[in-house]
Amino acid sequence: MAAQGRPAKRARAEGDGKAFFSLGRDTFKVPMALHSENRARLVNAMHTAGHKSGIVLLKGGENETRHDTDHERVFRQESYFNWAFGVREPDCFGVVDLATGAATLLIPRMPIEVTPWVGAIETPESFVERYALEAVAYVDEMKALVGGAVVIHVLHGQNSDSGNWSDAAVTDDFFKGDPSPPKVDRDVLFKIIADLRVIKTKAELLVLQHVSNVTSAAHVDVMRNILPGMGEYQLESLFHHYIYYRGGCRLLAYTCICACGPNAATLHYGHAGAPNDRTLEKGDIALLDMGAEYHCYCSDITCTYPVSGVFDDRQKMIYAGVLKSVRAVEEAMKPGVKWTDMHRLATRVILEHLTENGLLVGDVDAMVAANLGKIFLPCGLGHFVGLDTHDVGGYLEGYPERVDEGPYGIKKLRTARVLEEGMVLTIEPGIYFIASLLDTAQADPDLSKFLTPKLDEFRTFGGVRLEDVVAVTASGIDNWTLCPRTIGEIESVMGGGPWPPPVDEAKYLSRRWKATPKTTFSSWADVRSKEKAAASSAAACC
């Protein structure tokens, strides 16, 4: 197996000199101007904060091997570094001069001995052209290059989702022994660059829309092909094949959750201890949470539907409640709205629906006051999406803090910010029947008084989640999730009906069809058959 290391030729230049990333063929072209714009935004934000001199120094992702072996993992760039530079290769550093805005990439110096394994070594000049940069140097020249700066701003901050800390490019020890070392500042950069990542540029929005369109099409393909007797892992396989074969998405945005039957009550099913290994049964509900990634930009979409292709009464009732919650939130979203209010709205709609259908009894206001909603929706309503599935900026200093009303529910919300134009978020309410939480509710007199015996009939049901990726606009949202959502749409598609539909029966979801050609939704098998036919025809002609 060939080792990684050769600078990959995946970013290219048009005839007019405009550099872009693409996987070739007809895959989406991401202009390197996207990253130039991000660097300009960073310089402007640093200037506004009073930092007009010095440099920003970012560290790219490192090439890693698996445990103690020489097996190299498929490399994925560090997200902050990708935001600023768009470079696909590992083991690089990037410099942005705050006085001029000039960008310099530092690449590892490759010894000639590696060429039999990795191919010809790229020159620094080729990187300048490929990534539209001002200069390229080698990593081993970094001290000489940056040592003359008065101050070097590096990343140092904690991710509010993982609790992990960003990896500073250098520390003071790097300049130990120098007579006049620069100041290494760890206090300024993190908040500024994380906050910039929350609001997407127009170029970023186009990439995110594209990857959500690809993700939607892959979900539809899986929906068309699901059958009782299949393994959950086969649904994961179909999805991954589609996004790579049709969209050039080599990487998944996260581990696929293919939770069928009772497994749909496990929010992050699919992990190593439960690796999508159930055999599908005809009466199962299938909760499929899967997303593609392209140029490190992510999508995160969940569809839920019956394995049989037709909803039974119980599935229909629970599904309708979740869709009702989605609709309420998406119709209310706009700039100025508090995300915490959207979580509370989603939870209230779910409680109202369960009460209307006999699973709960009593006053909904009293249920809300008792925090009963956390039993059925123990997670947050949704999260930022961007260069990470759970994107950064949720709880930065100076913004609303996390609401703590117990271990579940709104405390799990990944941001409490007020919505702004340019934010991209998921909307993912659900109704889950989690045995441990139902037991907790039944043992608590403040909660059990709202529960009816009918609730016990759903203990092994699993759950329903619907997850859309939306962008906040000046007046509302653009919904990039182009999946069947109504019961009628789902049953039609699973029965062989067309998609996209001739008529949009769910205009309230604000789905944006125009940007996606209908051919995107072709089955990969159909596409491959057409390609083979075209190739055979061409061969016959010659």
Side-chain angles (χ1 to χ4, degrees), residues 32 34-62 77-87 89-109 124 127-128 131-160 164-199 201 387 392-393 395-399:
M32 289 297 109
L34 178 155
H35 305 289
S36 300
E37 181 180 5
N38 282 343
R39 293 193 297 272
R41 293 171 67 208
L42 176 59
V43 170
N44 289 337
M46 292 289 285
H47 285 188
T48 300
H51 307 282
K52 298 183 179 181
S53 61
I55 63 172
V56 167
L57 179 60
L58 294 174
K59 179 181 179 180
E62 297 177 347
Q77 188 57 268
E78 195 277 331
S79 295
Y80 285 104
F81 193 79
N82 194 75
W83 180 86
F85 288 92
V87 172
E89 290 78 15
D91 305 318
C92 297
F93 290 78
V95 178
V96 179
D97 188 320
L98 291 177
T100 66
T104 301
L105 178 69
L106 302 173
I107 61 174
R109 194 185 297 271
F127 280 84
V128 170
Y131 294 117
L133 300 165
E134 281 70 38
V136 173
Y138 289 108
V139 172
D140 57 24
E141 300 171 325
M142 183 163 64
K143 183 175 285 191
L145 182 70
V146 305
V150 176
V151 59
I152 300 174
H153 295 279
V154 297
L155 273 180
H156 179 72
Q158 188 176 34
N159 185 294
S160 58
N164 297 331
W165 290 79
S166 54
D167 192 7
V170 295
T171 65
D172 288 323
D173 287 344
F174 183 74
F175 300 100
K176 191 174 182 179
D178 288 7
S180 300
K183 175 185 177 183
V184 177
D185 186 287
R186 306 194 309 170
D187 299 327
V188 173
L189 180 60
F190 179 81
K191 181 182 183 300
I192 289 175
I193 195 170
D195 203 23
L196 287 171
R197 280 180 57 184
V198 173
I199 306 299
T201 64
L387 284 163
V392 297
Y395 290 104
L396 294 173
E397 180 184 347
Y399 290 104

Any heavy-atom pair between the side chains of [Y] and [X] that's under 4.5 Å?
{"X": "Asn82", "Y": "Val87", "result": "no"}
{"X": "Val139", "Y": "Asp91", "result": "no"}
{"X": "Leu106", "Y": "Cys92", "result": "no"}
{"X": "Ile192", "Y": "Leu42", "result": "yes"}
{"X": "Leu98", "Y": "Ile55", "result": "no"}
{"X": "Ile152", "Y": "Val146", "result": "yes"}
{"X": "Met46", "Y": "Val188", "result": "yes"}
{"X": "Val56", "Y": "Arg39", "result": "no"}

Which atom names give the shortest non-hydrogen contact between [X] and [Y], and what distance separates them?
{"X": "Val154", "Y": "Ala168", "answer": "CG2-CB, 3.9 Å"}
{"X": "Phe175", "Y": "Pro181", "answer": "CB-CB, 3.7 Å"}
{"X": "Ala132", "Y": "Ser36", "answer": "O-OG, 4.2 Å"}
{"X": "Tyr80", "Y": "Val392", "answer": "OH-CG1, 3.6 Å"}
{"X": "Ala149", "Y": "Pro182", "answer": "O-CB, 2.9 Å"}
{"X": "Phe93", "Y": "Ala169", "answer": "CE2-O, 3.7 Å"}

Within this structure, what is the [atom1]-[atom2] distance for the pair [X] and [Y], rounded to the nearest 0.5 Å?
{"X": "Leu196", "Y": "Asn38", "atom1": "CG", "atom2": "CG", "result": "8.0 Å"}
{"X": "Leu133", "Y": "Met32", "atom1": "CG", "atom2": "CE", "result": "9.5 Å"}
{"X": "Asp178", "Y": "Asp172", "atom1": "CG", "atom2": "CG", "result": "11.0 Å"}
{"X": "Leu396", "Y": "Gln158", "atom1": "CG", "atom2": "CD", "result": "11.5 Å"}

Check: [Y] main-chain N/O paired with [X] side-chain donor or acceptor under 3.5 Å:
{"X": "Glu37", "Y": "Leu34", "answer": "no"}
{"X": "Gln77", "Y": "Pro90", "answer": "no"}
{"X": "Glu134", "Y": "Ala103", "answer": "yes"}
{"X": "Ser79", "Y": "Leu387", "answer": "yes"}
{"X": "Arg186", "Y": "His156", "answer": "no"}
{"X": "Asn44", "Y": "Ala40", "answer": "yes"}
{"X": "Asp97", "Y": "Ala99", "answer": "yes"}

Worked verdict on Val170 versus Lys59 for side-chain contact (heavy atoms from CB on, under 4.5 Å) = CA-CA 8 Å; Val170 295; Lys59 179 181 179 180; over 6 Å; no
inquiry  = One pair to check against side-chain contact (heavy atoms from CB on, under 4.5 Å): Arg41 and Ile193. What are the steps and the verdict?
reply    = CA-CA 9 Å; Arg41 293 171 67 208; Ile193 195 170; over 6 Å; no
task = Measure from NZ or CZ of Lys143 to the centre of the six-membered ring of Phe174, then state whether that distance is under 6.0 Å and the direction lies within 45° of the axis.
result =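 Judged by the rule, Lys143 and Phe174 form a cation-pi pair.
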inquiry  = Run the side-chain contact (heavy atoms from CB on, under 4.5 Å) test on Val43 and Val96 for me, step by step, so that the C-alpha distance in whole Å, both residues' side-chain angles and the decisive distance to 0.1 Å come before the verdict.
reply    = CA-CA 8 Å; Val43 170; Val96 179; 3.7 Å; yes
ask   = When the ring planes of Phe85 and Phe81 are compared, do they come out parallel, tilted or perpendicular, using 30° and 60° as the limits?
value =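 Correct class here is parallel.
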ask   = Would you call the rings of His51 and His153 parallel, tilted or perpendicular, where under 30° means parallel and over 60° means perpendicular?
value =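 Because their plane-to-plane angle is over 60°, the rings of His51 and His153 count as perpendicular.
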request  = Scan Leu57, Val95, Thr104 and name whichever one has a side-chain contact (heavy atoms from CB on, under 4.5 Å) with Met142.
outcome  =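 So the option named by the test is Leu57.
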ask   = Looking at Trp83 versus His35, is the centre-to-centre ring distance below 6.0 Å?
value =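 No.
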query = Strictly by modelled atom types, are Tyr131 and Glu89 linked by a side-chain donor-acceptor pair under 3.5 Å?
reply =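 Looking only at side-chain atoms, Glu89 and Tyr131 do form a donor-acceptor pair, the distance falling under 3.5 Å.
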